[in-house]
Amino acid sequence: RKMWDSFGNAFDFFAFRGLTKLTDAGDNYIRVVDSVKGIGFDNEDGPLSRWGFGSTLSCKDFTFDRVQGNDWGQYPSGYTHEIAHWLGFDLPKLDAYNKADGAHLPAACTLHGPLQGPVWCWDEGYPCSIKLKGTNDSVFLEPNELENDGTLTFRYESSKQEKWTVNSGLLLYMMGLVSAEEIENEVYYCLIEDTVDDSNQQRITAEYKSFTVNDLIEAHGSREPVSKPLYHSVDQDLRIGQMTVSAKVPSDAEMIWWTLWNRHYEDHMDFNVRPNRNTWGWGKGGWNSGFETFKYSTKGLSIAKSKLSGISCNNGVAVAFESESCNAPDDTPIDSVCDKTQDLDICLKKARDAKTKQKTNAAKKNRKVIKACRKLDDEGEIKECVNAQKKKFKNVNKNIMKKMRKALKKCRRK
């Protein structure tokens with residue numbers, strides 16, 4: 001609600017993270033509205049409302065149908081993974097698609113992106129994952145070139161590759177970033193698990209099913225809207241309301257750090273799964289791994305924008321650790337802000353708190369002066385000093401109350 005009060009109806013998603021990593025707090029995504037048609041949701045008759053914000057958060061100036069979901073994604077790749085959940089990946093009418101849990105890409109398919117886990121052991125399943133021979137790397141599946149007799153085989157590749165976290169063309173279509181025509185020749189395969197022979201990891205044989213974007217369209221209809229992520233999108237980017245949750249008021253350093261974190265997450269395309277530990281920089285030395293940003297996962301076609309306020313990272317002078325979007329123009333919301341009743345309450349409280357503090361300080365000073373008056377030698381001087389101070393103290397209090405009333409009036413006018 002505070003985000004709406006400050007920025008208006010400017011968000012497609014809200015993203016939360018802890019100021020420090022919270023132990024045992026798994027990442028997750030809460031669906032709010034599923035409005036995009038043709039990507040697997042049963043929403044032909046209109047957007048599916050999954051979760052309500054509640055009357056305490058209601059805003060009389062606009063409806064809540066813009067926000068698609070809320071995600072909790074920590075370090076470093078959880079954020080990109082959780083945002084990807086808005087696509088759903090159930091696809092119940094696409095027969096060739098190996099449905100996994102209805103929320104993630106099946107590991108037994110050659111459709112890739114941040115929501116795909118490694119290939120699990122064919123006999124045991126999760127959490128046993130297959131390792132690339134001679135390494136401890138988990139794997140994903142890729143098709144080989146057709147053999148001379150038309151046989152199609154598959155191979156394992158190491159998941160320690162940058163390309164594994166890049167969304168396949170079909171996913172970019174589901175996001176509204178490419179047209180069906182641009183990827184109509186891309187074929188995806190899903191292996192039938194109990195037929196897999198991976199005794200040769202570079203020539204895996206199995207029965208399989210295949211599909212293309214045209215099969216998706218035939219099963220679920222054409223995507224709406226066309227060529228943009230969401231109905232209200234003005235470009236190819238998503239607008240993310242970033243919130244860092246803390247048990248204490250963050251320090252200036254912590255706020256600057258998380259501002260920079262968001263800026264870099266918007267900008268970067270230089271993901272490296274095996275970063276150079278001898279080179280300092282974003283996702284390099286000092287980090288557990290490189291960071292696959294949302295921008296990287298979409299091949300640079302879309303940015304998860306969070307730069308809404310008028311805060312620059314510097315004054316136009318190049319600084320260390322600066323990101324490209326630090327001093328870029330603000331992404332100004334075009335919709336109205338929420339009603340300001342909450343802002344009024346905050347303003348009134350500040351005025352009253354200021355009055356209390358000033359009166360407390362004045363009382364302390366008054367007691368100190370009167371104490372000094374009583375140390376004078378002459379009885380007449382003591383009386384004169386005390387009376388003068390009492391009169392002064394009364395006038396000070398009168399002025400404090402006058403200032404508070406003026407401040408309250410200003411709050412209500414604003």
Side-chain angles (χ1 to χ4, degrees), residues 1-11 14 19 53-62 64 241-259 306-316 329-414:
R1 171 57 195 266
K2 287 183 178 182
M3 299 284 268
W4 282 318
D5 285 347
S6 297
F7 300 112
N9 195 16
F11 308 104
F14 286 114
L19 184 70
F53 282 102
S55 58
T56 55
L57 295 174
S58 65
C59 177
K60 67 186 180 186
D61 298 309
F62 53 79
F64 294 146
Q242 292 280 2
M243 287 184 250
T244 302
V245 182
S246 174
K248 66 180 184 65
V249 176
S251 67
D252 286 348
E254 286 164 336
M255 286 192 283
I256 290 167
W257 161 248
W258 283 112
T259 299
S306 62
K307 191 172 192 293
L308 291 167
S309 65
I311 301 173
S312 295
C313 301
N314 61 52
N315 295 319
D330 296 333
D331 186 26
T332 308
I334 56 173
D335 294 324
S336 58
V337 296
C338 216
D339 60 273
K340 292 290 186 176
T341 52
Q342 193 178 54
D343 285 359
L344 174 62
D345 292 340
I346 292 168
C347 189
L348 295 176
K349 185 178 184 302
K350 279 183 180 177
R352 291 179 180 126
D353 287 349
K355 177 262 302 182
T356 302
K357 188 177 180 180
Q358 287 166 1
K359 287 192 83 168
T360 302
N361 289 338
K364 279 182 185 175
K365 191 173 181 182
N366 180 60
R367 286 193 296 271
K368 196 174 178 182
V369 172
I370 286 180
K371 194 175 179 182
C373 286
R374 291 191 172 127
K375 287 181 179 178
L376 295 172
D377 297 330
D378 184 78
E379 192 69 34
E381 284 180 358
I382 292 172
K383 191 174 180 182
E384 187 180 342
C385 180
V386 167
N387 287 339
Q389 179 54 32
K390 282 181 179 178
K391 188 177 178 181
K392 187 177 179 182
F393 180 57
K394 189 177 178 181
N395 287 334
V396 167
N397 271 329
K398 198 184 284 185
N399 285 332
I400 290 171
M401 293 303 292
K402 190 176 176 182
K403 272 176 78 176
M404 184 197 70
R405 284 192 292 270
K406 194 175 177 181
L408 295 178
K409 212 171 180 180
K410 189 177 177 183
C411 285
R412 291 188 176 103
R413 270 204 314 272
K414 189 178 177 183

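Bear in mind the structure is a predicted one, so any value in this text is a computation, not a measurement. Every heavy atom of this structure was used, including side-chain atoms; hydrogens, water molecules and symmetry mates were not.
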Inset, instruction - Check Lys383, Glu384, Lys391 against Asn387 for a side-chain contact (heavy atoms from CB on, under 4.5 Å) and give me the one that passes. - result: Lys383

With rounding to the nearest 0.5 angstrom, report the [atom1] to [atom2] distance, [X] to [Y].
X: Met401; Y: Lys406; atom1: CE; atom2: NZ; value: 15.5 Å
X: Lys365; Y: Gln389; atom1: NZ; atom2: CD; value: 8.0 Å
X: Thr360; Y: Lys364; atom1: OG1; atom2: NZ; value: 7.0 Å

Inset, instruction - Compare all side-chain heavy atoms of Thr244 with those of Met255 and state whether any distance is below 4.5 angstrom. - result: no

Legend entry - Close side-chain approach of Gln358 and Lys403, heavy atoms under 4.5 Å: yes

Inset, instruction - Mind listing the closest non-hydrogen atom pair of Leu376 and Ile382 along with its distance? - result: O-CD1, 3.2 Å

Legend entry - Least distance between heavy atoms, Ala351 atom then Met404 atom: O-CG, 3.8 Å

Inset, instruction - Go through the steps for Asn366 and Lys392 under the test side-chain contact (heavy atoms from CB on, under 4.5 Å), then give the verdict. - result: CA-CA 9 Å; Asn366 180 60; Lys392 187 177 179 182; over 6 Å; no

Inset, instruction - Count the heavy atoms of every other residue, nucleotide or ligand shown that sit under 6.0 Å from NZ of Lys248, and state whether that count exceeds 12. - result: yes

Inset, instruction - Mark yes when over 12 heavy atoms from residues, nucleotides or ligands other than Asp378 sit less than 6.0 Å from its CG; otherwise mark no. - result: yes

Inset, instruction - Provide the full list of salt bridge (charged side-chain N to carboxylate O under 4.0 Å, His left out) pairs with a residue in residues 354-363, sequence neighbours left out, each pair given once. - result: none

